[in-house]
Amino acid sequence: MAETISGDAVAQALRRVCAALIEQSDYLTSLDQALGDGDMGITMAKLANGLLEYLETASLDDLGKFLLGAGMAANRAAPSTMGTLTATGLMRAGREVKGKSQLSPQDLAAMFQAADQGMQERGKAKPGDKTIIDALHPAAQAFAAAVQEGASLQEAGQRALAAAREGLEKVTPLRSKVGRASWVGERTQGKVDPGCAMFVLVLETLNEGS
Amino acid sequence: MAETISGDAVAQALRRVCAALIEQSDYLTSLDQALGDGDMGITMAKLANGLLEYLETASLDDLGKFLLGAGMAANRAAPSTMGTLTATGLMRAGREVKGKSQLSPQDLAAMFQAADQGMQERGKAKPGDKTIIDALHPAAQAFAAAVQEGASLQEAGQRALAAAREGLEKVTPLRSKVGRASWVGERTQGKVDPGCAMFVLVLETLNEGS
Amino acid sequence: MKKIINNPADFVPEMLDGLLRAHPDQLSYTEDIHCIVRADAPVEGKVALATGGGSGHLPVFLGYVGKGMLDGCAVGDVFSSPSADQMLAVTKRIHGGKGVVYIYGNYGGDVMNFDMAAEMAEFDDIPVRTVLVRDDVASAPPEEAERRRGVAGMVFAFKVAGAKADLGGSLDEVVEVTERALANIRTMGVALSPCTVPMAGKPTFTIGEDEMEIGMGIHGEPGIKREKLQSADQIAERMTTAILEDLQPQAGDRLAVMVNGLGATPPEELYILYRKVHQMLTDRDLSVHRAYVGEYATSMEMAGASVTLFRLDDELAALLDHPAHTPFFTQV
Amino acid sequence: MKKIINNPADFVPEMLDGLLRAHPDQLSYTEDIHCIVRADAPVEGKVALATGGGSGHLPVFLGYVGKGMLDGCAVGDVFSSPSADQMLAVTKRIHGGKGVVYIYGNYGGDVMNFDMAAEMAEFDDIPVRTVLVRDDVASAPPEEAERRRGVAGMVFAFKVAGAKADLGGSLDEVVEVTERALANIRTMGVALSPCTVPMAGKPTFTIGEDEMEIGMGIHGEPGIKREKLQSADQIAERMTTAILEDLQPQAGDRLAVMVNGLGATPPEELYILYRKVHQMLTDRDLSVHRAYVGEYATSMEMAGASVTLFRLDDELAALLDHPAHTPFFTQV
Ligand SMILES: Nc1ncnc2c1ncn2[C@@H]1O[C@H](COP(=O)(O)OP(=O)(O)O)[C@@H](O)[C@H]1O
Ligand SMILES: Nc1ncnc2c1ncn2[C@@H]1O[C@H](COP(=O)(O)OP(=O)(O)O)[C@@H](O)[C@H]1O
Ligand SMILES: [Mg+2]
Ligand SMILES: [Mg+2]
Ligand SMILES: [Mg+2]
Ligand SMILES: [Mg+2]
């Protein structure tokens, strides 16, 4: 029994994620203060507002174009590290579903993996460097595996979230190796990576709604 | 009975004045803080130290030259308003007694008046502008009058001090009209002019020793 | 810290508006006001140079747009990267037919956005090359030099690249000479007080009344060590020694020196630092070809300073000496 | 405020030592290090220009010694006058046979010492003329304009006088044009924070976290009013309105504008101020011939800014445009 996801559902999901980012802005900032320059909450809220504005007028006829536009809007609104990576992820995901107005679970899995790969290319971080990739990559893999096995979207989403959380916890004891946090050196050990935490928040929000 | 003042006595008197200026530095600074830029104590202490250094090697054979040199040393040590006026006073006083190795009360009166006139020329302040001139000018006049009447040096000194104090008190309620204090405007009313207070201190010191 | 501003959200666009009003003969913009270009852009037949980065570092970045230096600059919000499409707009506007070189500091957001812009520029058949500035020795050990931050040394890179392009260098030549320059440029800084990002409204970090942070970055990134405030001579010695160990100049080498103020530190103090730096160089039989003492790369009202040493060969010295004229940098 | 210094008593001589080490081609000294002169002094056949005053205001005063501007500068301790014999030493060293003009700010100690120096110079048959700078409209009402302090506007006086002398003007001509310039120059400032004189070790004044002082002088002399910190636009409007009322320019007049930072205020904020000043001038049909935005006359690490307007005639505009080259001021 193949599930399909409508354009409206995609837009709704994006809106919920934006609301969560705005709501959790202070929390994200506090994580980035301990490890970086303390702007992640502010920039992700800006990004969310930029996306919400984009959503008001964007057409959902071609979800590929829709996501490409969302990525560009995100980049304009928040050209920070995480903002730019998010923008890259949206654009790469969009490239996978060019011309489509509905998405299959297989589409979602492909989008997820394209975003993962694009963000790794853009940021040049590898798993273990203690960045968002350490939550994103295992989550994308788990989601694809679940879809492949024929699991429901809900089940696949849960497995992705579990993998992301596990990834976050695995790198928390490590030293940040790229980005601003890498200059903080040893003092990053034992601190949660803000990018990982943000991504877990995104998955939690998506799962709650589904 | 004509009193005479030796070079050593002049040097001694100068040393006592220097010591008093150094000792009262904080007091003078606090007065200048209320009215100006709060440096008068610091600069007058610098001036005093410059003079003390000068006194160590200066020759007393020609008291005119001695005072000219003292004025130049004072100017180098403290080229502030009050330091420069003091330097001018010393140099002008020296000009009156060129070549002399001993001074008469008449010499002292002439020196005092020359200093007064020179400092008025240099600073272009008139009596009533609320500057050191308001203590200096009446004191120089009173001293000259006392000498003229044949009063003792001690008596002449007391009358000069009384005139200086009276001058200080007369201008205290007024607004400062020249120098840095003039920019403070009405807020100077009722505050003692630091230059007047300094000059009264000098006369007190000279009288104590005589 | 008190600021002379209007609405914090308008800080950057109002600053840019003021700048364009003050220097109409020198600067212009394209697309939106965050895309600053030389008034005479594009200069046909010249390799074009673009930079970009967060605001709050004047004269870095846009203060070096002008004759003999840069052609354009994408301007971000305070301490944050401009977006890729702003960089693309600058790239298109300044391209004079000979390609564009991006020269900017090694910060994650900037790198990713400039990379995106370069990819997009390719669609428009504009050859783009990138030279990253990573001169801050305090930000990573020599083995990981490619992780280092870009700080005040980027001004020397702008100067050399700008001169080479001005003299008709090809895209390859400009890139080569800029990379050669950067291989010989090292910086280290010290911060005494934080600054406040207008939108955040509170200081970027806290530091004790008697403390300084050695090696701090120009956005308040942690440095090597937080310690008691030392004398000017000790501070100069700390920074210069660290740079010399990394740069390893030989007796007889010729250097350019920059003592850069971070914002609130007065020029008087910078010259006191320079005095000691110069003594140390002279003691090691290193000569100073040119000295730059002043504010070249700042963090708004942060107190502190950095020292940059730049080892010169004949060509680099000649390029450094080449005239330049921008709103913040004029050399004859 | 934390300072990067060694022994506070060495602040000025070490600063001067650093300056001379940084700019050996441009600056030299005579007698003692407090007597700074152009490296090529005396310039024979040119009217020589000297200035002087307390330290702590860089680039004022000595930063303007160089080609097309001043020939020498007597340097005092922080915020205090140099001595008459230092001024005399500078005077003798720079005299190129055509006389010397003293141009400096109207402060008691400076005036008396320069007057003494001028009297002494006469003994050496050096004709000396004096032009006092009194541009600060906040320091006295128009009826008592001769009491006003000299602040940032002195830089325009240096520029115009220097150009006239450079172009071969006679002693009388240099004095005349400088006085004409000063009759058309007005400044007003605002301070947000104090500075600390190194020897004193504590701030020159105190001011509330949400306060500013309108009209404060560059040594922390009281201004017109202490009030709540206002927006950049309101501050610019206050200063500009006061100056315009005093200067009374007519529609169609041409002005030079300087927005000067007192030390800790970043260039970004100065451009935000300039934006409003420029809007106000344009609204009144006044045109801006040249804009100077940056640090031209400071009070060490004081936060704040001043606005200077300079009404130009054709000769003054040409003299302002004349090239100049000093360690702190290069114009092409
Ligand atoms: N090169 C990179 N690749 C992937 N993720 C990165 C990279 N650099 C940093 N990150 C992530 O970005 C997060 C910080 O984001 P953000 O605050 O936007 O960065 P910045 O303030 O440095 O621009 C980090 O917690 C980390 O997860
Ligand atoms: N033009 C002047 N003529 C005479 N005395 C003056 C003049 N200007 C200031 N004074 C005196 O100088 C005193 C302040 O001296 P000082 O602190 O050295 O001045 P500043 O700090 O302005 O150089 C004032 O209290 C006043 O008595
Ligand atoms: Mg961050
Ligand atoms: Mg950031
Ligand atoms: Mg003083
Ligand atoms: Mg005083």
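Order of the sequence lines fixes the chain letters, A, B, ..., with proteins taken first and strands second; residue numbering starts at 1 for each chain.
If you measure heavy-atom distances from C:Thr330 to chain D, the contacts under 4.5 Å come from both the backbone and the side chain. Heavy atoms of C:Asn7 lying under 4.5 Å from chain D are absent altogether. If you measure heavy-atom distances from D:Ile5 to chain C, the contacts under 4.5 Å come from both the backbone and the side chain. Both the backbone and the side chain of C:Leu19 come within contact range of chain D, judged by heavy atoms closer than 4.5 Å. Contacts of C:Tyr292 with chain D are absent, with no heavy-atom separation under 4.5 Å from either backbone or side chain. With a 4.5 Å cut-off on non-hydrogen atoms, D:Val288 does not touch chain C at all. The parts of C:Ala22 that come within reach of chain D are both its backbone and its side chain, each placing non-hydrogen atoms under 4.5 angstrom from that chain. Within the 4.5 angstrom heavy-atom criterion, only side-chain atoms of C:Leu273, from C-beta onward, approach chain D. If you measure heavy-atom distances from D:Leu58 to chain C, the contacts under 4.5 Å come from both the backbone and the side chain. Using a 4.5 Å cut-off between heavy atoms, D:Asp25 does not touch chain C at all. Contacts of C:Ile235 with chain D are made by side-chain atoms alone, with heavy-atom separations under 4.5 Å and no backbone atom involved.
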Exercise for review: Quick one: do D:Tyr271 and C:His23 satisfy ring-ring contact (aromatic ring centres under 6.0 Å, His included)? Show the steps, please.
Suggested key: CA-CA 11 Å; D:Tyr271 278 105; C:His23 311 290; 5.7 Å; yes

Check your understanding: Where do D:Lys276 and C:Asp17 land on the side-chain contact (heavy atoms from CB on, under 4.5 Å) test, with the steps shown first?
Key -> CA-CA 10 Å; D:Lys276 180 68 184 180; C:Asp17 185 19; over 6 Å; no

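More than 12 non-hydrogen atoms from other residues, nucleotides or ligands lie less than 6.0 angstrom from CE of C:Met280. C:Lys67 NZ: 12 or fewer foreign heavy atoms inside a 6.0 Å radius.
Counting all heavy atoms, side chain and backbone alike, C:Pro267 lies closest to D:Phe328 at CB-CE2, 4.1 Å. Contact detail for C:Arg275 and D:Asn6: the closest heavy-atom pair is NH1-ND2, 4.5 Å. Between D:Ile4 and C:Ala305 the shortest heavy-atom distance is CD1-CB, 4.3 Å. In terms of heavy-atom proximity, D:Phe11 sits nearest to C:Glu269 at CE1-CG, 4.1 Å.
Taken from NZ in C:Lys3 to OG1 in D:Thr265, the straight-line distance is 9.0 Å, to the nearest 0.5 Å.
Of the listed residues (C:Ala236, C:Pro327, C:Gly56, C:Ser193), the one with the most heavy-atom contacts under 4.5 Å to chain D is C:Gly56. If you tally non-hydrogen atom pairs under 4.5 Å between each of C:Glu301, C:Glu295, C:Glu209, C:His325 and chain D, the highest count goes to C:Glu209. Chain D forms more heavy-atom pairs under 4.5 Å with one residue of C:His57, C:Met300, C:Met15 than with any other, namely C:Met15. Chosen from C:Ala291, C:Ser231, C:Gly294, C:Gly263, the residue pairing most often with chain D at heavy-atom distances under 4.5 Å is C:Ser231.
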